[in-house]
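Sequence lines set the chain letters: A, B, ... in the order given, protein chains first and strands last, and positions in each chain run from 1.
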Amino acid sequence: MDKKKKPRQQTLMSFFGANAAGKLPNASQTSNKSEDASSPAAPAPPSSPQSDSSNRKRKHSPQPDAVNEAKDNPDEVEMPVSDNDSPEEPPKKKAARKNNIPSGRLIKKGDAAKKAAAKIVTPDESASEAEDKKVVSPRKRKARNEEKEGSPPPSKKPNKTNSDNSDTEVDDSPAAENPISPEPKQQPSKKKTTPTKAINAKATGKAKTSETKIEKNASSSFVDTPQGGTSSPTSEFEKDEKEAVKEEKEQDDDKKFDKEVAKATVKMMMAGGGSPKKGSQITWKKGDDVPYAALTNTFEAIESTTKRLQITADLTDFFKRVLQLSPHNLVACIYLCLNRVGPEYEGKELGIGESILIKAIAEATARSAASIKSELAEKGDLGDIAQSSKGKQKSLFKPAALTVPSVFKTLKEISAIMGTSSQQKKIALIKKMLSACQGNEPKFLIRSLEGKLRIGVAERTVLPALANATVAMNPDFAKWSTAKREQELEEAASVIKQVYSELPTYDEIVPALLEKGTKGLAEACKLRPGVPLKPMLAHPTKAISEVLDRFEDMSFTCEYKYDGERAQIHMLEDGTVMIYSRNSENLSAKYPDVIERLHKIPKEGVKSFVLDGECVAWDREKKCILPFQVLSTRKRKDVQTADIQVQVCIFGFDLIYLNGEALTKEPLIKRRELLHTSFKEVEGEFAFAKYMDGNTVEEIQTFLDEAVAGNCEGLMVKTLEKEASYEPSKRSRNWLKVKKDYLSGAGDSLDLVVMGGYLGKGKRTGWYGGYLLACWDDDREEYQSICKIGTGFSEEQLAEHAKFFKAHIIDRPRPYYRYTDTPNLRPDVWFEPVQVWEVKAADLSISPVHQAAIGLVDSSKGISLRFPRFIRVRDDKSPEQATSATQVAEFYRNQKINSAKGGKDEDDD
DNA sequence: GGAGCGGCTAG
DNA sequence: CTCGCCG
DNA sequence: CGGCGAGATAGCCGCTCC
């Protein structure tokens, strides 16, 4: 692991000639200096002949050996050091003074040192007031810590140690809450915005209470609950029964998990822990439509905790009430919980985004879109904004209260609107709903429209809750023993998950459930061609040894992992063919060519099937696989076979259904055999995924190398006999993937300069959620944007960065910042070029927007990074020591070469 | 006909 | 992808 | 330690608006 990281860094360092950069801040600093100074080629002022001539050389030599070149001019690359005396001056011009300046390194966690250093670097920016302000995480976890035992947050903020003060401190210096503020001028005012669960939890006291309840309950008595009915006093023999159940069957993990859930659920049901704040619970008349508020109150309760069992319990409780009073609303409730307007494969989407929503809220509340936008930057949640704005608006007459089906129906309507002025129509519908909203409804309505409920609920929570609720409706439930309840709950959860994974359609499952209960469900809802099932997914692994560990003495197989798009191909008895994506989206319109020629593939006697495979771009002339980027240029709608540019080949690797029989329970070895006996390959159209059943490291390594050489991403490793069924719900990650990245040094590592930041949303409110990074082009003397980055940070780092950059905000980009000024790319806040980050990326690609190494690989387009992630701050590097444009270009060319010939050779260096 | 946005893929 | 939380 | 949910990334196509 280290092994891979290290060499790469060394490579970079050697490019710069920066001796041992990164080891000892001080040492390296001085040595850099001395080396610079003593070097005869020392950069010298901007106009120095040296730098000029080297520039020229670079420009004229058509395709020089880039490595050598970089080595030739290490000083030039590392030369300029940031300094802010004259910010508009290109950095290079300041190079002459570099020896006097401690460079961008300054910033360490240590306080005093940092203050001093920061001052030197930015005498003009009033960094001072930022300094003493601690960074308080807006996150719930931290607030919880305070609340619970007052343990200090993970960040080593010095003045945070005293927990008792923390609350007061927060109140005292609200500005410190958010190390960043959207507009530097208008400092965040007193009002502390809390998008976080913690504060909610604190306010209601709920999360805590329920925790306690659970604890207490586990050990001793329980309380009667209005919902659960009167429960028999089981606590004494609870334990024995639990034991009994436990040893009964030590099956596979997933079952165990279900069991745990079941146990906990029983407890909570008995304790009434499932019902959020009784007072706020909304009831309605039997047979009426469920009030929307009943749902949003449930959401509110769920949002206030992160405990999964608690969430399940809350949801269960809600479903129970719906089952009791308005079962006909259940489907709509479920869809709203999942934030969907219908089954996935129908592909219905709202077609609403942030900007449209802002407009709608603005109109509905008579505010300006601009003011909403700036509030959004501050608060990070449109739902909250809608809610507070709404409060001010008192409507003259009250429209009828919203109900779950009415909201659901309107959402469906919205998703159906298309064509001219569709946006206006959508806005009108949203306004109408907003005006009928009360209480906490706007918050969740808006979040639903945004497509992000952000309360911690998804399929894997809804399904068990649904199961629990159904079981609890059993008239005998109250009479059952604890063990019986647990068992029933567990079984139900497992059945529902199983059924859902094969037929992911609530429209069918729920009615069947209502009619037959969980027992008859599996019989009623079966895998069926035409309805996409959840695909089996793979778990990433870092090493071949990890694979061997995991599968120990089970038989397994390795397959090529093709670089394309997952394709689940269905053929019905009547010959209809459909293709679905990994997310159950219907791709049939995208691949008419595949559908047309699919009849050639099945052998005699195959009447219906569901086949799992990968759809890959295919070069018919060279008969080879093309990269994903080529595939992605295919049209998606109304594709006519005649004008298809990118040809495609399907690589089949699994067979899930054949001639009326589901094969999901069969082991892979049998499914694979059936696949091979039921279908035949057609060159350039259909092939079986290449596989190898060997099980030694050497064999696998060789196979992996071959796969990579054949333009594949790596390998998939799957069990053949034991635990080898196709059951996504059971263990959705029972397959492993080994990526080539691992082989070839885990991608490229670059050192990049931070140019600007984007305000975070949701749980990143108050910090920068992402940053714009650049490389340094010394020919053009400018920083060129290369990617945005938003991942790889811990929360602590997020806080540190925000605090650090606050002292380096500038009101407009430096003239030597090169980027494309699109709204998407333009940072919310610009920074001085003061810090270098090490960033890792999977790939480099020609970018339509980024500017790195422009003119070096493509005359008008720059290069960007794919999947960049933050590794660490490079305090030992000044911004002009960042990876240079030439190096970026070189990386880009290098990867092409490597992928062309198999990538194994550049492991080290 | 281009900009902006939404929605999908990928990891 | 990464992270943090939960069980 | 694995499952899950949430927040990020690049890049492409398609629809709407201007």
Side-chain angles (χ1 to χ4, degrees), chain A residues 139-142 144 154 197 253-254 256-257 259-261 263-264 305-312 347 349-356 380 417-424 426 451-461 537 539-540 563-566 581-583 585 587 590 615 627-639 713-714 731-733 737 739 741 747 758 760-765 767-771 773 786-798 822-825 839-850 863-870:
Chain A
R139 297 267 299 145
K140 60 199 168 222
R141 174 174 48 73
K142 303 192 178 172
R144 276 229 183 127
K197 297 181 177 185
D253 299 348
D254 207 61
K256 270 187 222 157
F257 178 74
K259 198 179 291 178
E260 296 297 321
V261 173
K263 275 185 201 167
T305 183
T306 54
K307 299 217 175 337
R308 311 220 47 80
L309 293 175
Q310 183 63 43
I311 290 175
T312 312
E349 298 299 335
L350 289 174
I352 297 239
E354 195 175 277
S355 48
I356 295 177
I417 299 176
M418 286 184 308
T420 311
S421 75
S422 59
Q423 296 195 354
Q424 272 314 312
K426 287 178 180 180
K452 287 180 286 187
L453 227 31
R454 294 193 6 245
I455 56 175
V457 165
E459 216 108 73
R460 288 240 136 70
T461 316
L537 301 174
H539 191 82
D563 186 12
E565 183 174 16
R566 189 83 173 254
S581 79
R582 168 199 154 108
N583 290 331
E585 217 72 35
L587 297 181
K590 183 176 175 183
C615 183
F628 177 78
Q629 215 170 339
V630 175
L631 179 71
S632 70
T633 61
R634 261 183 82 120
K635 286 224 300 172
R636 277 193 283 239
K637 293 197 162 179
D638 300 323
V639 178
E713 290 181 298
R731 277 243 209 87
S732 63
R733 286 153 200 265
K737 56 185 168 193
K739 294 180 302 163
D741 295 15
Y758 305 90
K761 291 184 194 159
K763 66 183 181 188
R764 293 204 179 166
T765 305
W767 296 332
Y768 296 108
Y771 293 86
L773 301 185
I786 188 166
C787 67
K788 292 205 276 186
I789 189 167
T791 193
F793 312 106
S794 65
E795 293 192 356
E796 190 183 349
Q797 286 167 333
L798 233 30
T822 61
N824 245 343
L825 207 63
V839 163
K840 221 171 234 191
D843 263 323
L844 290 85
S845 56
I846 297 289
S847 167
V849 286
H850 290 289
I863 288 169
S864 72
L865 306 184
R866 215 154 78 109
F867 314 136
R869 53 206 189 274
F870 174 82

(request) Give the rounded distance in Å between these two atoms: NZ of A/Lys840 and P of C/dT2. (result) 10 Å
(request) Can you tell me the distance, in whole Å, between the CD1 atom of A/Ile863 and the C1' atom of D/dA10? (result) 14 Å
(request) Show the numbers, then the answer: is there a side chain to side chain contact (heavy atoms under 4.5 Å, CB included) between A/Glu354 and A/Lys761? (result) CA-CA 12 Å; A/Glu354 195 175 277; A/Lys761 291 184 194 159; 2.5 Å; yes
(message) Side chain of A/Ser845 only, heavy atoms from C-beta on: which candidate in B/dA10, B/dG7, D/dG11 is closest?
(response) D/dG11
(message) With a 4.0 Å limit, can you tell me whether A/Arg308 has a side-chain N or O closer than that to the phosphate oxygens OP1/OP2 of C/dG7?
(response) no
(request) Give the rounded distance in Å between these two atoms: CG of A/Asn583 and P of B/dA10. (result) 7 Å
(message) Check the phosphate of B/dG4 against A/Asn824, side-chain N and O only, distance under 4.0 Å to OP1 or OP2. Yes or no?
(response) no
(message) Strictly distance-based, threshold 3.5 Å: is any side-chain N or O of A/Arg764 a donor or acceptor partner for the main-chain N or O of A/Leu798?
(response) no
(request) State which of D/dA6, B/dC5, B/dA10 makes the closest approach to the side chain of A/Glu713. (result) B/dA10
(request) In whole angstrom, give me the gap between the P atoms of D/dG7 and B/dG11. (result) 22 Å
(message) Heavy atoms only, 4.0 Å cut-off, all strands: where does A/Gly451 land among base, sugar-phosphate and nothing?
(response) nothing
(message) If I compare all heavy atoms of A/Ile789 with all of A/Val839, which pair ends up nearest, and what's the gap?
(response) CD1-CG2, 3.7 Å
(message) Does D/dC15 have OP1 or OP2 under 4.0 Å away from a side-chain N or O of A/Ser422?
(response) no
(message) Would you say A/Ser794 places a side-chain N or O within less than 4.0 Å of OP1 or OP2 belonging to C/dT2?
(response) no
(message) If you compare every side-chain N and O of A/Ser847 against the phosphate oxygens of D/dG11 (OP1, OP2), does one of them come in below 4.0 Å?
(response) yes
(message) By nearest heavy atom, map A/Thr791 and A/Ile417 onto DNA chain D; which one lands nearer the 5' end?
(response) A/Thr791
(message) Would you say A/Ser864 places a side-chain N or O within less than 4.0 Å of OP1 or OP2 belonging to D/dG11?
(response) yes
(request) Please confirm whether any donor atom in the side chain of A/Arg636 sits under 3.5 Å from an acceptor in the base of D/dC12, or the reverse. (result) yes
(request) Round to a whole Å and report the spacing from CD1 of A/Ile846 to P of D/dC12. (result) 11 Å
(request) Tell me what A/Gly770 touches on the nucleic acid: a base, only sugar-phosphate, or nothing, going by heavy atoms under 4.0 Å. (result) nothing
(request) Check every atom of B/dA10, D/dA10, C/dC6 against the side chain of A/His850 and return the nucleotide holding the closest atom. (result) D/dA10
(request) With heavy atoms under 4.0 Å as the rule, sort A/Phe793 into base, sugar-phosphate or nothing. (result) sugar-phosphate
(message) Nearest whole Å is fine: how far is B/dT9 P from A/Glu349 CD?
(response) 10 Å
(message) Run the side chain to side chain contact (heavy atoms under 4.5 Å, CB included) test on A/Leu825 and A/His850 for me, step by step, so that the C-alpha distance in whole Å, both residues' side-chain angles and the decisive distance to 0.1 Å come before the verdict.
(response) CA-CA 9 Å; A/Leu825 207 63; A/His850 290 289; 3.5 Å; yes
(request) Would you tell me if any nitrogen or oxygen in the side chain of A/His539 comes within less than 4.0 Å of OP1 or OP2 on D/dG2? (result) no
(request) Determine the contact category for A/Leu631: base if any of its heavy atoms lies under 4.0 Å from a base atom, sugar-phosphate if only primed atoms, P, OP1 or OP2 are that close, otherwise nothing. (result) nothing
(message) Between A/Gln629 and D/dG11, is there a contact of a side-chain N or O with OP1 or OP2 at under 4.0 Å?
(response) no
(message) Categorize A/Gly564 for me: base, sugar-phosphate, or nothing, with a 4.0 angstrom heavy-atom threshold over every strand shown.
(response) sugar-phosphate
(request) Output the single nucleotide from D/dG11, C/dC1, C/dC6 whose closest atom is nearest the side chain of A/Lys739. (result) C/dC1
(message) Rounded to whole Å, please give me the gap between CZ in A/Arg869 and P in D/dA10.
(response) 14 Å
(message) Need to verify one output field. Residue with the more 5' nearest nucleotide on DNA chain D, A/Ser421 or A/Lys635?
(response) A/Lys635
(request) Side chain of A/Pro823 only, please: which of D/dA6, B/dG4, C/dC1 is the nearest? (result) B/dG4
(request) Give the rounded distance in Å between these two atoms: CG of A/Leu350 and C1' of B/dC8. (result) 15 Å
(message) Under the criterion side chain to side chain contact (heavy atoms under 4.5 Å, CB included), I'd like the reasoning laid out for A/Ile846 against A/Ile863: C-alpha separation, chi angles, the key distance, then a yes or no.
(response) CA-CA 5 Å; A/Ile846 297 289; A/Ile863 288 169; 4.3 Å; yes
(request) Let me know the distance between CD of A/Glu585 and C1' of B/dT9, rounded to the nearest Å. (result) 11 Å
(request) Quick one: closest heavy-atom pair of A/Leu865 and A/Ala841, and the distance? (result) CB-CB, 3.8 Å
(request) Given salt bridge (Lys or Arg N to Asp or Glu O under 4.0 Å), test A/Glu565 with A/Lys590 step by step and report yes or no. (result) CA-CA 12 Å; A/Glu565 183 174 16; A/Lys590 183 176 175 183; 3.0 Å; yes
(request) State whether A/Arg764 places a side-chain N or O below 4.0 Å from either non-bridging phosphate oxygen (OP1 or OP2) of D/dA6. (result) no
